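Here is the structure we will look at, set down as C-alpha cells.
We use all heavy atoms of the structure for the numbers below, so side chains are in, but hydrogens, waters and symmetry mates are not. Not measured: the values here are computed from a predicted model.
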Amino acid sequence: MTPAKTPAAPRYVELVRVSGASQAAKDTPADQRAALERLREARPGVLVERIEEGAGGLSGALPLEQRPDLKRLLRLAKDRAFDEVRVRHLDRLTRHPDIRERAAIFGAIAEAGACIVDGAGHAIDPLSEVGELEWTFGSLMAARERKRITERTLAARRRLAGQGKLQGRRPWARTWDGERWGVVEEQVKTYKRLFAEVLAGRSLHAIASGLNADGIRPPEAKQWSAGGVARLVHARSAIGEVSCYGNTLRCPPIVDAPTFEKANKAITWSRAGRPPLDDSIALLRKVAVCGACGEIMYVDTVSKRSGRRVYYRCKHSKTARSQECRRYFAVGEVDALVRAELLRWLAADVAPKAGKKANPKAALARAKARIKELDAEERRLLRVGRRASAANLAAVLAELSQEREEAQRDLEAARLAARPGPAPLDAARREALVRRARSASGAELRALVCAILRPGEVRISPGPRVQIRALGPR
C-alpha cells in the first residue's frame, strides 16, 4: 500500500498596515506583527514575504493605484507566489467604500488560488460561495466602520472648534497647547517685516530673495518664494481670524485690519504690474460682441515697452481659425467711434415717424403661426408621399425647408423687435444729453452705454467698424 503524501506546507504572505502615522507611533504595527508571529506557530508554513509598506501609515480607503502594499501583493498574486494572505484583521487589506475596489483585491487572490487567513486562524476561501459571502460582508463592514469613524471624528472636531479649541494646523508664528494661544517672537518679527516691505512697494520676488539671503526659515518649505509671501499676507490669521470647521477662532494678530487691507490691495496691484482696470476705460465692456462669430468681446491688456495697451478681443481670439476673430481692437480707437455714434444718435430726430406703427407682437404671432403651418404641411406630405415619385417628393420637401428657413428668420426678427428698447427721448432731454455727452467723462459715457444698450447690440468688425443695432447701422 502506497503511503499517503504529506501535504506541502502552505506558502504565505503577511501584510501589516495602519491608517496613519499616529497609529504607527503607538506600536500598532508591532501588535500586528506579534499576532502574525503567533499565527506562524499555530499554522506552520513557508514565509514568502512580509509586506510592510503600510506600516508607517497608509489609509485603507485609498484606491489600488495609491496602495504600494496592495500593488506588491497583486504582483505576487499574478506570479502565484503564495497560497495564503495573512493579516491580523480583514480590514487591514482594504476599507475602500467602492465595491469594485474591494472586488479587485478579492479577485486577484482568487486567481492566485490562495485564501485569506486572519490572526485568529480563520480562513476565507475565495473559490467557495461561503468565502465570497464572508469577504463581501466583512469588507463592507470594514468600509462602513471607517465611515462611522470619519463621521465621529468630524463631529468631535466641529464640537471642539465650537468651544474655541483649534483643530488641525496652527497658523504660522503662533503656538497652541490645546488650551491657550502663544506666539513665536522671531516668526512674528518676520511676519511684520513682510507687511512692511509689501507696503513699501517691494515686489514679492524681492521680498522672498531678501528673506532667503538673511537665512530666515520659511514655514513648511526649503526657501521663501513669491507665492509663499503672498499666502502669508493674504491669510486672515494675520489679523487674528482662524477658520476652523465652520467656526472663526481668535488667535494673536500680527497686524491690524487697515494694514492688512492695504497690503492685500498692494499685492493685487503688484502681481498684475498695474492698478486694477477702471470700468470707464472700456465703454463696451460686456456689451460688444465679435462681428465675425457673435461671441462676447473681452477687455484685455498688453504691456509693451511703450506702455500699457488695452484691447477688445473675441472670446475665441486665441483658438479660432478665422482671422477676424483673432484680431485685437484698440479700446481707445473703438471707444472714439462709439462716442461719435452716440452723439449722432442723440442729435438725430429719433421721434416716431407719422403713420401706423407696426405691432411687434402681431408680427411675432404671425411668424409662429407660419412655422406651424409649414410643419403641418410637411407632415401631410409625408403621409401621402407614397403616391408621388421620390423626385417630386424631395423637391417639394426642399421647397418647404427653404420656406421654413425664411419663416425662422422672420421669427427671430420679430422676437428682436418685440424686446423692450430704450424709451423715446423728447427734444429737451435729447439736447441736454447731447451737451452732456460731448463733455462727458469716461465713467459717465460708460453709464450711458449701460443704460441704453443691451449685451449683444454692438458688433465690432475689422477696420475697426462699430455697428450699434439699437441705433441703426454705422
Side-chain angles (χ1 to χ4, degrees), residues 18-29 55-59 153-154 156-276:
V18 292
S19 297
S22 61
Q23 291 182 340
K26 295 177 183 177
D27 267 352
T28 306
L58 194 63
S59 173
T153 303
L154 182 60
R157 288 184 174 179
R158 285 175 175 168
R159 175 176 54 81
L160 293 172
Q163 296 173 3
K165 297 181 179 180
L166 179 67
Q167 304 297 305
R169 184 179 301 176
R170 60 178 175 80
W172 192 62
R174 268 59 60 93
T175 62
W176 170 257
D177 62 4
E179 295 293 338
R180 292 179 299 276
W181 289 95
V183 297
V184 182
E185 293 296 341
E186 290 299 322
Q187 293 180 357
V188 170
K189 292 180 182 178
T190 302
Y191 213 158
K192 290 183 177 180
R193 171 180 169 178
L194 299 184
F195 280 92
E197 294 191 5
V198 166
L199 292 175
R202 295 197 67 192
S203 70
L204 299 178
H205 289 284
I207 296 172
S209 298
L211 293 171
N212 289 326
D214 293 343
I216 298 175
R217 185 177 178 181
E220 301 179 356
K222 293 183 179 180
Q223 61 179 6
W224 290 91
S225 65
V229 174
R231 282 191 292 273
L232 285 176
V233 176
H234 285 314
R236 295 196 65 82
S237 60
I239 54 175
E241 296 180 4
V242 181
S243 179
C244 182
Y245 290 92
N247 298 275
T248 301
L249 309 185
R250 302 298 305 178
C251 69
I254 303 298
V255 295
D256 56 21
T259 302
F260 177 81
E261 297 296 336
K262 289 179 182 178
N264 276 271
K265 191 173 183 180
I267 281 185
T268 302
W269 286 18
S270 64
R271 292 177 84 180
R274 54 186 179 268

Completion exercise
Note: V233 and N264 closest approach over all heavy atoms is O-ND2, 3.2 Å
Completion exercise
Output for pair (R193 CZ, I216 CD1), nearest 0.5 Å, gives 4.5 Å
Practice task
Could you check if a side-chain atom of R236 sits within less than 4.5 angstrom of a side-chain atom of F260, using non-hydrogen atoms only?
Solution key: yes
Problem - Side-chain (R174) to main-chain (W181) donor-acceptor, under 3.5 angstrom - result: no
Problem - R180, CZ atom: more than 12 neighbouring heavy atoms under 6.0 Å - result: no
Handout entry: Closest non-hydrogen atom pair between S237 and C251, with its separation
Key = O-SG, 3.8 Å
Fill in the blank from the handout: Between P171 and V242 the two heavy atoms that sit nearest each other are CG-CG2, 4.0 Å
Fill in the blank from the handout: Here the gap from W172 atom CH2 to E220 atom CD, rounded to the nearest 0.5 Å, amounts to 11.0 Å
Completion exercise
When rounded to the nearest 0.5 Å, the distance separating CD of Q223 from CG of L211 is 11.0 Å
Exercise for the section: Heavy atoms only: give me the nearest A161-L249 pair and the separation to one decimal. Expected result: O-CD2, 3.3 Å
Exercise for the section: Mind checking the CD1-CZ spacing from I254 to F195? Nearest 0.5 Å is all I need. Expected result: 8.0 Å
Handout entry: Distance (rounded to the nearest 0.5 Å) between C244 SG and R157 CZ
Key = 9.0 Å
Exercise for the section: Under the side chain to side chain contact (heavy atoms under 4.5 Å, CB included) rule, what do Y191 and V183 come out as? Steps first, then yes or no, please. Expected result: CA-CA 11 Å; Y191 213 158; V183 297; over 6 Å; no
Problem - Heavy-atom pair with the smallest gap, counting every atom of W176 and L166 - result: CZ2-N, 3.4 Å
Handout entry: Test item: V188 and P252 side chains (from C-beta on) under 4.5 Å apart, heavy atoms
Key = no
Fill in the blank from the handout: In this structure, CG of N247 is separated from CZ of R158 (nearest 0.5 Å) by 9.5 Å
Exercise for the section: For Q163, look at atom CD and say whether over 12 heavy atoms of other residues, nucleotides or ligands are found less than 6.0 Å away. Expected result: yes
Exercise for the section: Grab the two heavy atoms, one from L232 and one from P219, that are nearest each other, plus how far apart they are. Expected result: CD1-CG, 4.2 Å
Problem - Atom CZ of R170 with >12 non-hydrogen neighbours under 6.0 angstrom - result: yes
